[in-house]
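Structure first, then comments.
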Amino acid sequence: MLMNRTKGDEEEYWNSSKFKAFTFDDEDDELSQLKESKRAVNSLRDFVDDEDDDDLERVSWSGEPVGSISWSIKETAGNSGSSQEGREQLKSRNSFSTYAQLPKPASTYSLSSFFRGRTRPGSFQSLSDALSDVPPKSYAPELGRPKGEYRDYSNDWSPSDTVRRLRKGKVCSLERFRSLQDKLQLLEEAVSMHDGNVITAVLIFLKRTLSKEILFRELEVRQVALRHLIHFLKEIGDQKLLLDLFRFLDRTEELALSHYREHLTIQDPEKRKEFLKTCIGLPFSAEDSAHIQDHYTLLERQIIIEANDRHLESAGQTEIFRKHPRKASILNMPLVTTLFYSCFYHYTEAEGTFSSPVNLKKTFKIPDKQYVLTALAARAKLRAWHDVDALFTTKNWLGYTKKRAPIGFHRVVEILHKNSAPVQILQEYVNLVEDVDTKLNLATKFKCHDVVIDTCRDLKDRQQLLAYRSKVDKGSAEEEKIDAILNSSQIRWKN
Amino acid sequence: MAFPHRPDAPELPDFSMLKRLARDQLIYLLEQLPGKKDLFIEADLMSPLDRIANVSILKQHEVDKLYKVENKPALSSNEQLCFLVRPRIKNMRYVASLVNADKLAGRTRKYKVIFSPQKFHACEMVLEEEGVFGDVSCDEWAFSLLPLDVDLLSMELPEFFRDYFLEGDQRWINTVAQALHLLSTLYGPFPNCYGIGRCSKMSYELWRKLEEEEDGETKGRRPEIGHIFLLDRDVDFVTALCSQVVYEGLVDDTFRIKCGSVDFGPEVTSSDRSLKVLLNAEDKVFSEIRNEHFSNVFGFLSQKARNLQAQYDRRRGMDIKQMKNFVSQELKGLKQEHRLLSVHIGACESIMKKKTKQDFQELIKTEHALLEGFNIRESTSYIEEHIDRQVSGWPGLLGTVCHGLIPKDYRSLKTQYLQSYGPEHLLTFSNLRRAGLLTEQAPGDTLTAVESKVSKLVTDKAAGKITDAFSSLAKKSNFRALSKKLNLIPRVDGEYDLKVPRDMAYVFSGAYVPLSCRLIEQVLERRSWQGLDEVVRLLNCGELAFTDMTKEDKASSESLRLILVVFLGGCTFSEISALRFLGREKGYRFIFLTTAVTNSARLMEAMSEVKA
């Protein structure tokens, strides 16, 4: 609809009726249907709500149902040690069914039934009673003995036995695998069993008992094990060995990315900036090198802007900061956010200052479209309609002014509407939309009556105008205007 | 509305047994640490735990206070501390720091760590390195199957996706194999097994090994579930990345369903508090609309509202006795229905508002265009514009273009993204590429030959469109060819009636049949992968599609119409709805086992290095 499709094929596609059955744009019908149902339901509320609400679940302030474990943890965190009694009271209300069930189910799946009539703790129905048709051993294997009790001092387990024991979580000494051949056989056995936990266990042993070079060399030809080692090193945060490994494997890009990743752990902006500086020379792809450079420059700028603006704001002399106090620091924000900020607080600054929008645009080569979108959103938010106007006004060589929008005026209208621009302003831009259907749609959607009426008149579309008449308020100026046009003898209606 | 099951549809097995089992195991483990103790629970385990136990059960087993595991010193003064955690390195460091702080203070306590669903050797290594091995006793709580609904089992392991599909770590394969083993001991052996993908194959092999080791236990049992189908998420990323339009999927995309329940904020409840609502088959209103295309939901709800109104109106003109009957017998049901209706009407309203704001209609159109292979350039620029405006946090859109972008578009998309969301997402892009979620065409890609061969194989007469699509789209992924071969884009004459769906495509407004579901349908029809060689090859799964059938024929005809589908890496509500539809058409019933319920936003977030 808004995308100006041209090719015949696509026309046919979009005009085919199969997607017209339902649209999210078409608020009118669906929503009014919904509202009607809502009214019907609400009208019953009086009758319903005076009744006891015993099957309404109890929800605490945080929205967690009282008696749920999540709720109880918040309670402990909130008032550790105090008002124990009150809490106990609340908790004593809990039962299985108070948990968020809406409504209380009379279901065969209710768990409470298993506990009914069994008040003494510890006297729960045993599993084998409940499920007598199932052999008890099968669903609770080894439950009787904690796994830690299995200790194994035997030295004679074969690689496959060892690996199987490891899989079962049993403690198992690997010390007897001393020759490289034995170690590798063990690793291969683990890989062939597919259990990543066991592969990692063997790798931990190999890492401890083999030199780095030998370990790396052997893993280079064992990709599955190699991936496990890389993931393990990432998880335990052994950055040094990880970088060594990437270096050994000659994976330069991963090396660079891995190093760059560390910056996420540095909170202090100055230190982070310095760290980013060390990333600039790393062997990224050409494309990523540029991004890294930009990242450094952006943070450098943000630090300057932040220091300056914090000072301005606390001094209380600058109107814009007094009227619109900053909600958060600009540090570590994305570029678009920074540009928005700059368009909001520093719009009129000369290109020479670091905080001016134009400077940002140049430094980071922000495309026109992006710039206009962001500036528009920022100025509309401040309701600076004059700036908005200037954004789209161009002069040609004869000195005539013309309105032009790199993003299309339909987008301009939508953004203005989102920032609750008044109808007069909206109207002006709706009128600039070229495609008549789009214009009519937008005008209808945003209630720009004049545009709708004039467009219908220009289209000589009497039926549509009549239909629109029913949508405007009775006795309003719009209705009068429509009537005047409908009664006019000058127009040759097409329908 | 709300299609009934065929009368011959089989009954579902009772999965509530799994909850009892998990709870009894937990109680047993708590009793291993006799006496009063404080319990520290990892945040990710709280909701699953809530579904099987509650505070009073914990209290009965001498749990005193409950804490959340977070990076703060423990305030607990108890002599015994118990930690219920996922097997993660950071949890081990946390426990170790508590123990070491106690040691420094000259304090002795008992510590127990319960790993769920299993312990990892790397965790024990950390305990050893930190010098607390032996001070802490370790146990495993094999709670890996949570029934979220009568036909949906979740392992609640969202990290499975990243661990396996991004990092290539096979640590959860044993967990999957154990879970399948548990199912076969409880519900009998599976006579027919199918699968596709490397992870599926490995899980299957390990599971078989487990069965051999403990053989005899399932022998002689009658199978309750006739088929099992294992599927890797990377066989079909596309479906998981599409915006959802069936009600349950849309609720998930909009409000995020967590562990089978959703928090509806004040904008839904039209009051000042939010409401936590369990969404499952027991919600009589929800169960009738969950699988419906969103456009049908309004009509259904308003019909319900009118009926309800009429029922209430009946009380006018009742005499005392009738009124008494009404109040004692019908009122409660009506009230429940009334509450449910208000909740879902509120949710619909809120969805409409949000989606209208987001230009959802345009987004859907763009997605459909991408799926059909029209206008890739234009769609890409639409996506860029969306990124510009910072409207959609982590748009699944970005992923929808996963069929392979030409380098210029890829660069431009990436630049726009980094500018809008932050330069550190450089790492995200690297991850997306590694996982195969976003690909750039290599210059002179050699797969072209394969594709032209494919287009020759496609017997369809109207092959004009497909050549177009080929020239404009991906050289790397074979989605186009698969789509043609499996007829994923239905040809529709006239309007696709979403009220009376004719195929699984209804879950995407009639525009696309989910690839994953189509594969399952095809294999079930053939009872094997026979005749699907080309499809399997296009999926790059040459060696990774398998069929395994047992000879002994003890399976009842009813059990042969029960199918367990295992999604490794997550499944979406749209896929669930599509298969429920297929089941109704064919007289099957599907049971879903997933590592976690997912959607496009979750898949994308899993690729990010930046913690929210």
Side-chain angles (χ1 to χ4, degrees), chain A residues 10 17-18 21-25 27 30-31 33-34 36-38 40-41 44 48 63 65 67-70 72-73 76 80 91 94 100-103 105 107 109 121 127 138-139 143 146 148 169 194-197 200-201 204 227-228 231 235-236 257 261 287-288 291 295 334-336 370 373, chain B residues 16 21 24 46 49-50 54-56 60 65-68 75 89 119-122 125 139 167-171 173-174 185 202 206 217 261 274 276-278 282 295 298 301-302 305 309 312 335-336 338 341-342 345 349 355-356 360-361 374 388 419-423 426 430 492 495-496 498:
Chain A
E10 290 134 36
S17 51
K18 76 175 179 181
F22 171 73
T23 67
F24 277 88
D25 286 344
E27 267 185 81
E30 306 291 0
L31 262 185
Q33 199 180 10
L34 214 73
E36 194 186 307
S37 338
K38 197 178 184 190
V41 169
L44 303 174
V48 169
S68 80
I69 287 155
S70 329
S72 176
I73 284 173
T76 334
S80 40
K91 280 176 202 159
N94 76 45
Q101 194 75 22
L102 187 127
S107 118
Y109 296 96
L127 275 170
S138 58
Y139 48 79
L143 200 61
H194 311 315
D195 183 352
N197 177 33
T200 305
I204 291 170
R227 278 198 292 272
H228 282 80
H231 191 215
E235 283 202 312
I236 62 163
L257 286 165
R261 186 170 179 264
E287 175 202 7
D288 283 356
H291 291 309
H295 190 178
L335 178 62
V336 170
Q370 176 74 75
L373 274 171
Chain B
S16 63
L21 198 60
D24 288 353
M46 275 157 42
L49 187 57
D50 256 333
N54 67 20
V55 177
S56 58
Q60 279 166 19
K65 290 204 189 76
L66 289 168
Y67 295 91
K68 188 167 131 188
L75 298 161
I89 303 292
K119 180 174 70 178
F120 286 148
H121 292 285
M125 183 211 78
D139 253 316
E167 305 289 359
D169 193 320
Q170 302 166 7
R171 54 170 51 155
I173 285 181
N174 184 45
T185 50
M202 291 192 293
L206 188 54
E217 280 174 8
S261 80
S274 42
K276 200 167 183 166
V277 183
L278 266 190
E282 283 165 21
S295 58
F298 306 110
L301 290 177
S302 53
Q309 177 87 61
Y312 274 114
K335 276 167 65 183
Q336 277 181 6
H338 176 264
L341 264 179
S342 331
I345 288 173
E349 255 188 332
K355 295 299 174 190
T356 311
F360 194 54
Q361 195 61 30
F374 284 122
D388 277 355
Q419 292 186 345
S420 298
Y421 293 96
L426 197 73
S430 154
V492 178
E495 193 168 307
Y496 190 101
L498 292 166

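When reading the values below, keep in mind they use all heavy atoms of this one structure, side chains included, and skip hydrogens, waters and symmetry mates. In the text below, chain A, chain B and the rest are named by the order of the sequence lines, each starting its count at 1. Everything numeric here is computed off the predicted structure, so don't read it as measured data.
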Legend entry - Per-residue contact mode, B:M202 against chain A (heavy atom under 4.5 angstrom): both

Inset, instruction - Give, for atom OH of B:Y421 and atom CG of A:L335, the distance between the pair rounded to the nearest 0.5 Å. - result: 14.0 Å

Inset, instruction - Using non-hydrogen atoms and a 4.5 Å limit, figure out which bit of A:I204 sits close to chain B: side chain, backbone, both or neither. - result: side chain

Legend entry - Non-hydrogen atoms of A:P334 and B:Q419 that approach each other most closely: CB-O, 3.5 Å

Legend entry - Distance (rounded to the nearest 0.5 Å) between A:N197 CG and B:R171 CZ: 8.0 Å

Legend entry - Side-chain heavy atoms of A:H228 within contact of B:E167, under 4.5 Å: no

Inset, instruction - Hey, could you give me the CD/CG distance between B:Q170 and A:D195, rounded to the nearest 0.5 Å? - result: 8.5 Å

Legend entry - Distance in Å, B:L206 CG paired with A:H194 NE2, rounded so as to fall on 0.5 Å steps: 7.0 Å

Inset, instruction - Considering non-hydrogen atoms only, spot the tightest contact between A:T200 and B:A122 and give its length. - result: CG2-CB, 4.4 Å

Legend entry - Which portion of B:L49 sits near chain A, non-hydrogen atoms under 4.5 angstrom: both

Inset, instruction - Starting at CG of B:L426, measure out to NE2 of A:H295 and round the result to the nearest 0.5 Å. - result: 9.5 Å

